[in-house]
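In this chain, residues are counted from 1 in sequence order. It should be emphasised that the depicted structure is a prediction, and the values quoted were computed from it without experimental measurement. Atoms within each ligand, like the ligands themselves, are counted from 1 in listed order.
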Amino acid sequence: MQTAENNRQYRKQLKEALDNAFQRKALDNFAVAYRGIRVSNFEGIDRARLIERIGKAKDAAMARVDALYHQFREKAEAAGATVHLAASDAAANEIIARIAAENSCTRIVKSKSMTAEETLLNHFLENRGYEVIETDLGEWIIQLRREGPSHMVMPAIHLSRNEVSRLFTEVTGKPQDTDIEKLVKVARRELRERFVTADMGISGANFAIAETGTLGIVSNEGNVGLVTTMPRVHVALVGIDKLTATVADALTVLTGLPRNATGQAITSYVTWITGANPSGASATGRKNMHIVFLDNGRSALAGDPVFSQALRCVRCGACANVCPIYRLVGGHAYGHIYIGAIGLILTYFFHGRDKDKHLIENCLNCQACKEVCVAGIDLPRLIREVQKVVVHSAEQPFLPGLMAAYVLKRRRVFHALLRSGRYVQQPVTGNTSYARHLPDLLFKDHKFKELPALAKKPFRDQWQPAAYRPARPRYKVALFSGCLQDFVYPEQLLAGTEMLKGSRVRLDFIQAQGCCGLPLYMLGEHGAAADLARWNMANIDPGEYDFVLTLCASCASHMKENYPFLLEKQAGTRVNARQYADKVIDYSSFMLLVGESAAAGKNARGQKAAYHAPCHLCRGLGVSAAPRELLEIAGYAYVPHDEEETCCGLGGSYSFKFPEVSAAILDKKLGAVAETGAEILVTDCPGCVMQLRGGALKQGRPIKVLHMAEALQQSK
Ligand code: SF4
Ligand code: SF4
């Protein structure tokens, strides 16, 4: 798929991908199956410890990548291999073409290699007149279709067996069955003869072990053994990020890689090659073996304090498997060459800004990729960092970001705009609580949900502190309202605070507080987001409070995770930011702390309640059990569903940038909830309420969407 020139084109590509019913079903089935198998294959393993060990081993290797390269080279050359270092993709391709020419090779068999995809090696060699044959089944299929892989581990996951059967019929000139086993046999028959007659084999490698000069390759099909042993010349193209110090480090990675990739404890084959092995096909009796290391921006990346962790990636593909966007649109629409979360990052460094500028926007910040990454890469953080660089390196300043920064940083201006907005919204709302008459010109793609109107009176104008002044307070708490609840959903804050009346919680609401800054962070305006963090910390002194309580999971996660990060390099604010972050607490966790009696209710009477876990709560803050417990305490019959922790599709401004994808994710979520037969759907974030309630209303679904505070209040 061509890289889109502009956002409109990119959205068109996404729409086409969404319309691909087979691909959607295949990816969906895989995402559901993957969830289960990955969990079971880590049984008996301390996964957190393993991730830490992989991360440390990879970081240590990249910190001395030059030394490891030289050590590897010495060992591998002593064992008869020739080692090359290519600074760029073009240089790597030239080296390989030269090796082919010098050895009079014409037919090349290849095993799967993402690094070769990165350098577009096949096209390069074919343009020089070589015959290149992919021998991994999936890779062969996509090569015949002149496509790139749509997944790093399963390159042809987007294709049905009917499509493959038609393709094989065309290639062999004979009608072919749609039975998968028979199709595999066709491929085997066609490829066997090529192995025998090939002069050169090209492979990638998962490990290049410096202490022994050994390459390690994991595979499931057995073609790697043939590619690396049968032809007289073997070339391995390896990113320098595959260098590992020791065999023990490689085995540590090997413990996690197949488990995370396909849910296998170990792949069918792990091939270890040290130097030039004996070869009957070679006149010298030894394999002519070359190892081409590719830099292509990796050593610059290794020296970067923020981005170097991207080089920990072991290419397991799991960050795509769990990504709600990949699950819908697949890898051709969700990547350039590398796909999924890591692809959004590596594309910028390996292929340049232009290839990444639209892709990088296509992220909900749902954090599912971070949770699954076996190398412990903070993928959402790196995605936001790349986005910041992309935004600030544009020829034209990004106006929506600049305008948002200007307004949000001026609290009085921002609040004045919101206050006046409620007077001018009448033609759009028609005196309802929803913005029902939005102009088609701007909003035609956003009509998959009802959008709420601004509230008549913000929470800050209704706040009555006198009710929250117990004589002997147990907790002193600052309430952080967040803009959405303050100006759109004040009833959620009123319900939430109502539940604390009569408790031993002293609650302060400081009027000077501003936006938490998350929208600016999501737009790449990190400087302005840091300014807002400083503003809020200056007005809510963490030293004076036991907790900073917010009913918005997104505000909570942003303040807890991102304030220290944004202010880390600013003298004098780091300690305060950490102290502030430590005091931030979400509503469900706080209500449990206050005690069961505060949440206990009698009116729910076992009403069936489903729960939607906001990404920023379950993954951002790691809060999982508290909301479910609260529902039970309040008297609801909590009914679980499989998609409980899947993003609702809002993602802040994401829903406005990519409404088609947002709508499809929402649809899936509401469908899963409907299957539970729940009467109410409860969540802890006003953003999720907006998305889910708006969608349920638009689709006419008979389910009431409530914030947790409203659910507790209803049952009281
Ligand atoms: S944060 Fe969520 S949407 Fe973004 S890349 Fe990761 S999994 Fe995908
Ligand atoms: S970033 Fe992590 S999850 Fe994604 S492919 Fe790399 S190692 Fe796997």
Participant: Flag the pair E52 and R47 as a salt bridge only when some basic side-chain nitrogen lies within less than 4.0 angstrom of an acidic carboxylate oxygen.
Facilitator: no

Participant: Identify, for atom 5 (S) of ligand 1, the protein heavy atom at the shortest distance, and state residue, atom and that distance.
Facilitator: Y334 OH, 3.5 Å

Participant: So is N365 in contact with ligand 1, going by heavy-atom distances below 4.0 Å?
Facilitator: yes

Participant: To which protein heavy atom is atom 2 (Fe) of ligand 1 closest, and what is the distance rounded to 0.1 Å?
Facilitator: C366 SG, 2.4 Å

Participant: Closer than 2.8 Å to atom 2 (Fe) of ligand 1, do we get an N, O or S atom from C323, backbone or side chain?
Facilitator: no

Participant: Do the side-chain N and O atoms of S268 and N220 include a donor-acceptor pair separated by under 3.5 angstrom?
Facilitator: yes

Participant: Look at atom 4 (Fe) of ligand 2 and find which of C319, A341, G343 reaches it with the closest heavy atom.
Facilitator: C319

Participant: Which atoms from ligand 1 have a heavy atom of I325 less than 4.0 Å away?
Facilitator: 3 (S)

Participant: May I ask you to identify the nearest protein heavy atom to atom 3 (S) of ligand 1, giving residue, atom name and distance to one decimal place in Å?
Facilitator: L364 N, 3.3 Å

Participant: Going by atom types alone, do T252 and D249 pair a side-chain donor with an acceptor below 3.5 Å?
Facilitator: no

Participant: To check your reading of the model: name the closest protein heavy atom to atom 7 (S) of ligand 2, its residue, and the distance in Å.
Facilitator: V314 N, 3.4 Å

Participant: Could you tell me if Y654 and N362 have a donor-acceptor pair between their side chains, going purely by distance under 3.5 Å?
Facilitator: yes

Participant: When you check the side-chain N and O atoms of E134 and N122, is any donor under 3.5 Å from an acceptor?
Facilitator: yes

Participant: Taking atom types as modelled, find out whether D89 and T119 have a side-chain donor-acceptor pair closer than 3.5 angstrom.
Facilitator: no

Participant: Which atoms of ligand 2 have any heavy atom of M152 under 4.0 Å away?
Facilitator: 5 (S)

Participant: Can you list the atoms of ligand 2 that are under 4.0 Å from a heavy atom of G317?
Facilitator: 5 (S), 8 (Fe)

Participant: Is a side-chain donor-acceptor pair under 3.5 Å present for Q264 with T262?
Facilitator: yes

Participant: Check whether any N, O or S atom of C369 sits under 2.8 Å from atom 6 (Fe) of ligand 1.
Facilitator: yes

Participant: Quick check: does any side chain N or O of R24 sit under 3.5 Å from a backbone N or O of A17, one acting as donor and the other as acceptor?
Facilitator: no

Participant: Which part of R312 is near ligand 2, with near meaning a heavy atom under 4.0 Å away: side chain, backbone, both or neither?
Facilitator: neither

Participant: Return the closest protein heavy atom for atom 1 (S) of ligand 2 as residue, atom name and distance.
Facilitator: I342 CB, 3.6 Å

Participant: At less than 4.0 angstrom from any non-hydrogen atom of Q367, what atoms of ligand 1 do you find?
Facilitator: 1 (S), 2 (Fe)

Participant: Suppose we measure from atom 8 (Fe) of ligand 2 to each protein heavy atom; which comes out shortest, and what is that distance?
Facilitator: C316 SG, 2.3 Å

Participant: Answer with side chain, backbone, both or neither: which part of I383 has a heavy atom less than 4.0 angstrom from an atom of ligand 1?
Facilitator: side chain

Participant: Side chains of N296 and E118: do they bring a donor and an acceptor to under 3.5 Å?
Facilitator: yes

Participant: Can you give me the closest heavy-atom contact between Q9 and N6, atom names plus distance?
Facilitator: N-OD1, 2.7 Å

Participant: Does some non-hydrogen atom of V322 fall short of 4.0 Å from ligand 1?
Facilitator: no

Participant: What I want to check is whether the side chains of S150 and H158 have a donor and an acceptor closer together than 3.5 Å.
Facilitator: yes

Participant: Could you name the option among G55, C373, C313 that has the heavy atom nearest to atom 6 (Fe) of ligand 2?
Facilitator: C313

Participant: Which of the numbered atoms in ligand 2 are below 4.0 angstrom from a heavy atom of L379?
Facilitator: 1 (S)

Participant: With heavy atoms of I377 as the reference, note each atom of ligand 2 found under 4.0 Å away.
Facilitator: 1 (S)

Participant: Under 4.0 Å, heavy-atom basis, I'd like to know which part of K370 is in contact with ligand 1: side chain, backbone, both or neither.
Facilitator: neither

Participant: For E43, is there an ion pair with R259 - N to carboxylate O distance below 4.0 angstrom?
Facilitator: no

Participant: Salt bridge or not between R315 and D241? Use side-chain N to carboxylate O under 4.0 Å.
Facilitator: yes

